[in-house]
Amino acid sequence: MPELPEVETVRLSLSKQIIGKTIKAVKVYHQPMVKTSLEHFENQLIGQTIDAIFRRGKFLIFKLTSSYMLSHLRMEGKYFIKSAHAKKEKHEHVVFVFSDNTTLVYHDVRKFGTFHLKTSETLFQEAPLNKLGLEYDDPQLNVAYLYERFHHRTIALKTALLDQSHVSGIGNIYADEICFCMKKHPLTPVFDLNKKDLSNLIECSKRVLNRAVKLGGSSIRSYTDSLGITGRFQNELNVHLRQGQLCYTCKESIIKIKVGGRGTYLCPNCQANR
DNA sequence: ATAAACGCCTGGCGGC
DNA sequence: TGCCGCCAGGCGTTTA
């Protein structure tokens, strides 16, 4: 499941390969992924050049000549660059054909990914980007910001980390790792977090996400980088997917529980505090 | 307003 | 070996 570090890795890889290319055709094989009319999507994109690729939360933002195309990979979205003559494979749902006869292929086994088309006026004013909270490295992300959002809420710490409206970009893997870094139980109600805890939340988010970005994300489950780069952060996971294995800090067995319906890994000793 | 439940979707896995 | 039910899970929508 691509989270911020994996999306950032994809962004960097794609930037090196498709900036400056001009779209000459668009093929959509699974219509529900495109959150605008198909006709509008195809008509708008044809003839536009990719000027830049940005990221906001887990969204890729393709800056085109006169539009912005948003792409969310959700669980299993991947990009490939292929020749226009390559045979279409299973799970390839959207294909952008460039004027140099290379293609950008969107591959998604679960079909959960989405595409939006925006203008410079609507990009941040409309859904989905207008719902996102701050980036983890935004200077405005401070204790006061989190306190204001959390002090009256009963939701669990992990649930709050996964809520994109507070801090954007954190998914299931990194939420577990951030809770471990904070030495807090994932079920801790957020109204119980004191200023030191909130400060730790910010510091741990930066520490975990910066390290994961540096290592090219985590290659686990279905996520592998589409452009041949293999993430290495999976080697540094402290709790995620380590059920039954020993905590590197205290040798206690890592356990798996459910939080908000999601598989959650923690060290019951290091994270007893809640 | 808040929180929980549901639906989307497919492949992999355990059980028989 | 094959079939079945369950699980994974981000997030928009629906329900309580």
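All figures in this text were calculated on a predicted structure; none of them were measured in a lab. In what follows, every chain begins at residue 1, and chains take the letters A, B, ... in the order their sequences are listed.
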Rounded interatomic separation in angstrom, taking [atom1] from [X] and [atom2] from [N]:
X: Arg262(A); N: dC7(C); atom1: CZ; atom2: C1'; answer: 14 Å
X: Lys131(A); N: dC11(C); atom1: NZ; atom2: P; answer: 13 Å
X: Met75(A); N: dG12(C); atom1: CE; atom2: P; answer: 14 Å
X: Asp108(A); N: dC11(C); atom1: CG; atom2: P; answer: 13 Å
X: Asp163(A); N: dA1(B); atom1: CG; atom2: P; answer: 16 Å
X: Leu4(A); N: dC11(C); atom1: CG; atom2: P; answer: 11 Å
X: Lys158(A); N: dG10(C); atom1: NZ; atom2: C1'; answer: 12 Å

Would you indicate what Gly261(A) reaches in the nucleic acid, counting non-hydrogen atoms under 4.0 angstrom: base, sugar-phosphate, or nothing?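 Answer is nothing: Gly261(A) stays at 4.0 Å or more from every strand.
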Listed once per pair and sorted, the ring-ring contact (aromatic ring centres under 6.0 Å, His included) pairs that draw on residues 7-29 of chain A, sequence neighbours left out: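 Pairs touching residues 7-29 of chain A that pass the test: none.
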Would you say that more than 12 heavy atoms from the other residues, nucleotides or ligands in this model lie under 6.0 Å from the CD of Glu236(A), or not?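 Result for CD/Glu236(A): enclosed.
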Roughly how bent is the helix from dT2(B)-dA16(C) to dC16(B)-dG2(C) end to end, in steps of 10 degrees, with each end axis from five pairs?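 Terminal axis comparison yields 50°.
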Indicate every side-chain donor-acceptor pair of residues 81-90 of chain A with a distance under 3.5 Å to a residue at least two apart or in another chain.
residue: Lys82(A); atom: NZ; partner: Glu92(A); partner atom: OE2; Å: 2.7
residue: Ser83(A); atom: OG; partner: His85(A); partner atom: N; Å: 2.9
residue: Lys88(A); atom: NZ; partner: Glu92(A); partner atom: O; Å: 3.4

Quiz question: by atom type and distance under 3.5 Å, do the side chains of Ser218(A) and Tyr174(A) form a donor-acceptor pair?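 There is such a pair between these side chains.
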Residues 191-203 of chain A side chain polar contacts: donor-acceptor under 3.5 Å, at least two apart:
residue: Asn194(A); atom: OD1; partner: Lys196(A); partner atom: N; Å: 3.0
residue: Asn194(A); atom: OD1; partner: Asp197(A); partner atom: N; Å: 2.7
residue: Asp197(A); atom: OD2; partner: Asn194(A); partner atom: N; Å: 3.0

OP1, OP2 of dA8(C) versus side-chain N and O of Lys256(A): anything below 4.0 Å?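 Yes, Lys256(A) has a side-chain N/O under 4.0 Å of OP1/OP2 on dA8(C).
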Can the SG atoms of Cys204(A) and Cys181(A) be said to lie under 2.5 Å from each other?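 Correct, these two cysteines form a disulfide.
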Using heavy-atom distances to pick each residue's nearest nucleotide on DNA chain C, tell me which of Gln164(A) and Lys258(A) is more 5'.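 Its nearest nucleotide lies further toward 5', so the answer is Lys258(A).
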Show the distances under 3.5 angstrom between N or O atoms of the protein and N or O atoms of nucleotides 8-11 of chain B.
residue: dC9(B); atom: O4'; partner: Arg110(A); partner atom: O; Å: 3.4
residue: dC9(B); atom: O2; partner: Arg110(A); partner atom: NE; Å: 2.7
residue: dT10(B); atom: OP1; partner: Lys111(A); partner atom: NZ; Å: 2.7
residue: dT10(B); atom: O2; partner: Arg110(A); partner atom: NE; Å: 3.3
residue: dG11(B); atom: OP1; partner: Lys90(A); partner atom: NZ; Å: 3.1
residue: dG11(B); atom: OP1; partner: His91(A); partner atom: NE2; Å: 3.2

Between N or O atoms, less than 3.5 Å apart, protein on one side and nucleotides 2-4 of chain B on the other: list the pairs.
residue: dT2(B); atom: OP1; partner: His152(A); partner atom: ND1; Å: 3.2
residue: dA3(B); atom: OP1; partner: Thr154(A); partner atom: N; Å: 2.8
residue: dA3(B); atom: OP1; partner: Thr154(A); partner atom: OG1; Å: 2.5
residue: dA3(B); atom: OP2; partner: Arg153(A); partner atom: NE; Å: 2.4
residue: dA3(B); atom: OP2; partner: Arg153(A); partner atom: NH2; Å: 2.5

One pair to check against side chain to side chain contact (heavy atoms under 4.5 Å, CB included): Arg242(A) and Asn238(A). What are the steps and the verdict? CA-CA 8 Å; Arg242(A) 296 196 64 240; Asn238(A) 281 296; 5.6 Å; no
